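A, B, ... follow the sequence lines: proteins, then strands. Residue 1 opens every chain. Remember, predicted model here, so these are calculated numbers, not experimental data. Values below: every heavy atom of this structure, side chains too, minus hydrogens, waters and symmetry copies.
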Amino acid sequence: MKSLVAVLTVLTAIVALWYAACVPMNIKGVLDAAERAGSEVTPATPKMRRDMSAFGLVANNTFAIGETWAQERPRLPAPHQVAVELWASTVEKKITSKRSLIYHAQVTLSATLLGFAIGTGLGILLAVGIVHSRVMDMSVMPWAIVSQTIPIIALAPMIIVVLYSIGVQGIIPKAVISAYLSFFPVVVGMVKGLRSPESMQLDLLKTYSANTSQGFWKLRLPSSLPYLFASLKIGIAASLVGAIVGELPTGAVAGLGARLLAGSYYGQTVQIWSALFAAAILAAALVSLLGVMEKLVLKRMGVRV
Amino acid sequence: MGLVMLAGLVWCLGWWLNSRLANSPASKTRAVQLLVPAIFGITVLVVWELLVRGLDVSLVILPAPSVIAARFAVSVPILWQDFAQTILKGALGGYVIGCGAAFVTAILVDRSDFLRRGLLPVGNFVAALPIVGTAPILVMWFGFDWHSKAAVVVVMVFFPMLVNTVAGLRETDQMQRDLMQTYAAGYWQSFFKLRLPAALPFVFNGLKISTTLALIGAIVAEFFGSPTVGMGFRISTSVGQLALDMVWAEIVVAALAGSAFYGLVALIEKSFTFWHPSQRG
């Protein structure tokens, strides 16, 4: 309860800061518009205003402060503008409409989930191989670890174009990017998890004369699940980033990344911010969905937190 | 066809060599532990080369490693310029500012229990969001040059670093803090002599996570607009011209820069936290 109050206070402070930041960020645009509309503005010409600091302009033109939260194309849209745009483009638009954020989110989400499923599946398989084969462990594992320190997302534009040139388009190229971004965290986490049983426990299974596959299903796999879920959460966030970045290079027409790009081409800041929030909400929803699944699975397995 | 069979042969040979090494009594030594992944890497490169040549794969789809190496050797000046623009200015500048700001914020937050309760969940939440998405906004605000890339990096590294540092500063237990109090140590004395050293493993964890994030942020931000230099710019324009050997050369640079950056931070960590169990092994 005490934490909730604290979190709410911090969130309120962030929103308040945001509103305050809108004033100096947008003041120049507001004053230019006001001058064109014939209002009295000090100093009078855009050239003189350019040399003044934003705070000086605010102090001289206090009448314009209200306007800074209501511009059509502000440099920094106010929170309520973003909220209104989010509401308008999710609830009020038909889902099939090209301007509905739900439509774009669903395009990105399907690529994310497909890629995540492929990446996770392959990652778990490789981890099983690594745990059971010394050669694979020594040859592949160092590369899997190194791959986490390099920005492999830089491959994204090339994958899109190469797959396009051999005739693969649509959801698959984005899913490939999502897959390899979620692949490596899952491999590393799962190997750690499959190795987590202590030698006492492994020895006990040996005294029961359990073979390797029994040891895997009854001991290694169950004890790896907490590690698996931790890396799944990292993996799905990376998958979403991959799908969004995968929409950039081809100038895709649909998806949250395409919304971001279109917004930045046409200076539609409110559209950029609402796409950004949609992506954030999507990421939060996916991660917390995994969190709920983790709780349910671990509870069923008798883990007490 | 001969080359394809040769590729298969090389693969089997590499695998056989590695399994001999891995199952030999010497497999615990440091040299073998470095040799095995190296053999694996070289085998993959050779097989790649042979397959591309043997199956006549078009250069547009997958250039052979030798072609990439040749392109790399020819375009070192361009690659260096891109490296300086993206890594040295954008990523490193943002990394220093972002991690510094997060560290100072963490110290301030740590003084108030209320703030810590409020900020930690928010920070954890934000650290999981696709923050690269702020790139178009920041490019709009700070212009096309490296300043906007540094800004993206600042936003990306801030929260992971903040969360880790705050967690680290809580690492000391009541007994240790009481001991400092019986020594009549002031806040800053106990901070520098007890709590900061105890927090260092967490701080370095944050710094290490941030190295990768910094490179990702700096490169991806260039996809949204950049001057005519920079790794992200070169990747996106070379992809447009189907000059994939250049793209691969840039990716090699990114990989080298990423692992060197991470390695450097890990080295510094080793010299600062030599006392920690994870480093004594």
Original post:
What part of Leu21(B) gets closer than 4.5 Å to chain A, counting heavy atoms only: side chain, backbone, both or neither?
Top reply: neither
**OP:** Locate the shortest heavy-atom distance separating Leu129(B) from Ala283(A); write the atom from each residue and the value.
**Re:** CD2-CB, 4.2 Å
Subject >> Pairs of heavy atoms under 4.5 Å with chain B: top-ranked of Ile234(A), Leu240(A), Leu76(A) >> reply: Leu76(A)
Original post:
Which pair of non-hydrogen atoms, one from Gly133(B) and one from Leu276(A), has the smallest distance, and what is that distance?
Top reply: C-CD1, 3.3 Å
**OP:** Would you check if Val162(A) and Leu62(B) make a side-chain contact, meaning some heavy-atom pair closer than 4.5 Å?
**Re:** no
Original post:
Which one, Ile209(B), Ile137(B), Ile219(B), Ile235(B), leads in non-hydrogen pairs under 4.5 Å with chain A?
Top reply: Ile137(B)
**OP:** Select, from Ala257(B), Gly41(B), Ala218(B), the one with the greatest count of heavy-atom pairs under 4.5 Å involving chain A.
**Re:** Gly41(B)
Original post:
Side chain, backbone, both or neither: which part of Ile61(B) has a non-hydrogen atom closer than 4.5 Å to chain A?
Top reply: both
Subject >> Val32(B), part contacting chain A, at a heavy-atom distance under 4.5 Å >> reply: both
Subject >> Part of Met136(A) lying under 4.5 Å from any heavy atom of chain B >> reply: both
Original post:
Quick one: are Ile272(A) and Met140(B) in side-chain contact, heavy atoms under 4.5 Å?
Top reply: yes
Candidate polar pairs, chain A side and chain B side, donor-acceptor under 3.5 Å:
unit_1    : atom_1 : unit_2    : atom_2 : d
Ser3(A)   : OG     : Arg117(B) : NH1    : 3.3
Arg75(A)  : O      : Trp141(B) : NE1    : 2.9
Arg134(A) : NE     : Ala22(B)  : O      : 2.9
Arg134(A) : NH2    : Ser27(B)  : OG     : 3.0
Ser139(A) : OG     : Asn18(B)  : ND2    : 3.3
Trp143(A) : NE1    : Pro37(B)  : O      : 3.0
Gln148(A) : O      : Thr212(B) : OG1    : 3.4

Original post:
Closest heavy-atom contact between Pro121(B) and Val7(A)?
Top reply: CG-CG2, 3.7 Å
Subject >> Residue part contacting chain A, namely of Ile251(B), when any heavy atom lies under 4.5 Å >> reply: side chain
Original post:
Looking only at heavy atoms, which two atoms of Met158(A) and Val247(B) are closest? And how far apart?
Top reply: SD-CG1, 3.6 Å
Subject >> Ala255(B) to Ile150(A) - nearest heavy-atom pair and separation >> reply: O-CG2, 3.1 Å
Original post:
So which of Leu260(A), Leu256(A), Ile152(A), Leu286(A) has the largest heavy-atom pair count under 4.5 angstrom toward chain B?
Top reply: Leu260(A)
Original post:
For chain B, which of Leu155(A), Val146(A), Val287(A) has the most heavy-atom pairs under 4.5 Å?
Top reply: Leu155(A)
Subject >> Minimum side-chain heavy-atom gap Ile216(B)-Val241(A) below 4.5 Å >> reply: no
Original post:
Can you find a pair of side-chain heavy atoms, one from Val122(B) and one from Leu11(A), that are under 4.5 Å apart?
Top reply: yes
**OP:** Return the option, out of Gly14(B), Gly232(B), Gly263(B), Pro37(B), with the maximum number of heavy-atom pairs under 4.5 Å with chain A.
**Re:** Pro37(B)
Original post:
With side chains defined as the heavy atoms from C-beta onward, is the minimum distance between Val132(B) and Ile244(A) less than 4.5 Å?
Top reply: no
